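One structure is given below, encoded as structure tokens.
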Amino acid sequence: MEDDGKPLLDPVRAEESYIEADQNGFDSLDPKSRRPFYVEPRNIVDEDTQERVSAEASVMNSRMQYYSRLTGSSDRLLIPPDHVIPAPDEIYVYSPLGTAFKIQGNADGSGKNPSIITIFAIWNTMMGTSILSIPWGIKQAGFTFGVIIVILMGILTLYCCLRVLKSRAAIPFIDTSSWEFPDVCKYYFGSFGQWSSLAFSMVSLVGAMIVYWVLMSNFLFNTGKFIYNFVHHVNVTDTDVGTNGTDRVICPFPSKEHHANHSADEYMTYGNNTEDVFDQWWHKTKTVPLYLIILLLPLLNFKSASFFARFTFLGTVSVAYLIILVTLKAARLGFHLEFHWFHSTDFFVPEFRSLFPQFTGVLTLAFFIHNCVITLLKNNKNQENNVRDLSVAYLLVGLTYLYVGILIFAVFPSPPLSKDCIEPNFLDNFPSSDILVFIARACLLFQMSTVYPLLGYLVRVQLMGQIFGKPYPSVFHVMTLNLIIVGAGVLMARFYPNIGSIIRYSGATCGLAYVFVFPSVIHMISLHRSGQLRWPSAVFHSFLIVLGIANLIGQFLM
């Protein structure tokens, strides 16, 4: 820390501030004078997570408060000097079902990311494992209705996300520059808002970790099956119903009455007619989910997850490869479409189906970024473009989902297979012997094994931080929490490995709070306090709340 004898008033900075005020108006303060000093380290990945506030930081905080009380924010003469303002830290922002985005601190405290980087960061953070269930969701809703729902849910979640982004600006007389949306909820709803936002955040994160465990068990099983058959020169003759040729497509569960919700017995007995040693010890639900414990449980107990954050770029690589894979399959298989508007046939589903709430639950999580959108956009170079950049990012995410969903549904070979055979994980519609799909599964397995500890770290930091005041209270507490999370993943992979249903339940639950209820209620309260609430706005935002409740209830009725 530099000498305190340095002059408090910097003539050069004061003069520049006056010039800036004259050019840009009263509100264009020096970014350094507005930069938050302290951010609660709940989402910060650091090598030392024990120390909350150092002695040096405490002294610097006292200095900042001293300068803030000298004069009002409109006085440019008494702005804090350079040696008082701390350099920003590097922060990681995590997507509930995707990758981690690293925000680089800047020496001058101002945002330096151009719009293209900001848009890509939002796209990269929002894209997660939900993309594997989009074709299944379109099948559940019907092809035409499914496409319409993707567009409508994209617009709806975008609007609610904008409400989250603008929620801080409606709070008067308080510096909210360092706030996140849970802080806004706490301001309006007190401790209820704080703990309820934490609870719904846990639902999204733990639900994501369960989906990851189910998918990693699936990918590990198929990867091991491919390697075993290749090494032992096993010529696999699949007993699954499917097409012939090099680009084989299979229907693991051809019985329609059992296809909507697969039971554990189907997963455990189907395709396991031979009782050789390998099949007994390498089983999709009986053994493979247990093998993952050996690999992943020790990783969850690390005090810092910064090592795994270095591999988050693999999320972008995996999504890019999935898009290439879908394009190649479409070119080889061709399109198979027929339109039957309200009645199903032997090979085609109707265009409008009553099962569409299952798809809305999946899409609620697929478009979910509301809990970290404020942090992602803080570092945008041009803050006036935040609304535009967020809208463009949502457009790109929606187009990616539509591209994958429409192509997989359209190229699924009907006949001889029924469109009803499309799986919640569309990779399951390709045999383990498919080389291109093997590469996709191997890449996703490695990528998920690095993101899984990050999600576990975030669960621990948020939960333990709120309850015990520190993210690593003891080995016993952390091990107990990790055993509960891992146990939930193993049980779901063992008895109910249907990622479509897991995603839609967790998506509708966390979306009820973060997407529909909290943004709408906070917006109406802020308008009411300022005397600007009108009945059209009240009716519209009340309708959004009703939609969120109906979306959650619909998951239990389908």
Side-chain angles (χ1 to χ4, degrees), residues 131-150 218 222 236-267 269-271 273 284 325-326 328-362 401-434 437 496-501 503-504 558:
I131 193 174
L132 300 174
S133 296
I134 297 299
W136 172 82
I138 291 179
K139 181 259 296 184
Q140 295 298 93
F143 179 68
T144 301
F145 199 26
V147 173
I148 295 174
I149 288 178
V150 172
N218 183 310
N222 285 283
V236 179
T237 303
D238 288 302
T239 58
D240 296 314
V241 177
T243 60
N244 298 320
T246 55
D247 289 287
R248 178 176 169 82
V249 179
I250 62 175
C251 182
F253 306 98
S255 180
K256 290 184 179 180
E257 60 269 22
H258 298 295
H259 187 266
N261 293 299
H262 308 318
S263 67
D265 292 337
E266 288 176 308
Y267 277 96
T269 60
Y270 194 88
N273 297 325
K284 182 182 288 187
L325 174 66
V326 169
L328 292 176
K329 292 296 183 182
R332 294 178 180 180
L333 294 173
F335 293 96
H336 304 81
L337 286 174
E338 285 186 12
F339 295 92
H340 303 272
W341 297 103
F342 301 104
H343 301 285
S344 61
T345 63
D346 292 338
F347 302 107
F348 295 93
V349 297
E351 301 303 301
F352 297 89
R353 302 184 74 182
S354 59
L355 297 175
F356 71 90
Q358 297 183 359
F359 195 26
T360 60
V362 171
Y401 288 153
L402 285 174
Y403 183 82
V404 173
I406 290 175
L407 278 188
I408 290 296
F409 184 90
V411 305
F412 195 83
S414 301
L417 304 180
S418 171
K419 296 288 187 183
D420 224 359
C421 289
I422 298 177
E423 289 291 298
N425 173 11
F426 75 83
L427 294 179
D428 286 341
N429 287 116
F430 300 96
S432 59
S433 57
D434 192 312
V437 178
Y496 194 72
N498 188 326
I499 66 166
S501 294
I503 290 175
R504 66 187 179 92
M558 298 298 167

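Positions are given from 1 along the sequence. Just so it is clear, the model here is predicted, and its values are computed rather than measured.
Scanning both residues, Pro350 and His343, for their nearest heavy atoms gives CB-N, 3.7 Å. Pro357 and Ser354 get closest at one heavy-atom pair: CD-O, 3.3 Å. Arg248 and Pro431 get closest at one heavy-atom pair: O-CD, 3.2 Å. Closest non-hydrogen pair, Asp428 versus Pro252, comes out as O-CG, 3.7 Å.
Interatomic distance, Asn498 CG to Glu423 CD, rounded to the nearest 0.5 Å: 8.0 Å. Taking CZ of Arg504 as the reference point, atom OG of Ser133 lies at 11.0 Å (rounded to 0.5 Å). A distance of 14.5 Å separates OH of Tyr401 from CD1 of Ile406, quoted to the nearest 0.5 Å. Atoms CD1 and OG1, from Ile149 and Thr360 in turn, are 6.5 Å apart once rounded to the nearest 0.5 Å. Atoms CH2 and CZ, on Trp341 and Phe143 in that order, are 9.5 Å from each other to the nearest 0.5 Å. Interatomic distance, Asp346 CG to Asp420 CG, rounded to the nearest 0.5 Å: 11.0 Å.
Judged by distance alone, the side chain of Lys139 and the main-chain N or O of Phe409 form no donor-acceptor pair under 3.5 Å. Remark: side-chain polar atoms of Thr345 are paired, donor with acceptor, to backbone N or O of Phe348 under 3.5 angstrom. Put simply, the side chain of Glu351 gets close to the backbone of Thr144: a donor and an acceptor are under 3.5 Å apart. Panel note: side chain Asn429, backbone Val249; no donor-acceptor pair is recorded below 3.5 Å.
Using a 4.5 Å cut-off on side-chain heavy atoms (C-beta onward), Asn425 and Trp136 make no contact. Side-chain contact between Leu417 and Phe347: absent, with no pair of heavy atoms (C-beta onward) separated by less than 4.5 Å. Here the side chains of Ile134 and Val404 are not in contact, with every heavy-atom distance at 4.5 Å or above.
Each of Leu132, Val362, Ile499 was scored for a side-chain contact (heavy atoms from CB on, under 4.5 Å) with Pro424, with one residue passing: Ile499. Each of Phe339, Phe359, Phe356 was checked for a ring pair (Phe, Tyr, Trp, His ring centres under 6.0 Å) with Phe145, and the lone residue meeting it is Phe356.
Partners of His340 according to the side-chain hydrogen bond (donor to acceptor under 3.5 Å, both in side chains) rule, which considers only residues two or more places apart in sequence or in another chain, are Glu338. Partners of Tyr403 under the side chain to side chain contact (heavy atoms under 4.5 Å, CB included) rule, at least two apart in sequence or in another chain, are Ile323, Thr327, Leu407.
Under the 30°/60° scheme for interplanar angles, the aromatic rings of Phe426 and Phe430 are found to stand perpendicular.
Electrostatic pairing of Asp247 and Lys329 counts as a salt bridge here, judged by a charged N lying under 4.0 Å from a carboxylate O.
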Let's go through Asn218 and Leu427 carefully: what are the C-alpha distance in whole Å and the side-chain angles of both, what is the deciding distance for side chain to side chain contact (heavy atoms under 4.5 Å, CB included) to 0.1 Å, and is it a yes or a no? CA-CA 10 Å; Asn218 183 310; Leu427 294 179; over 6 Å; no
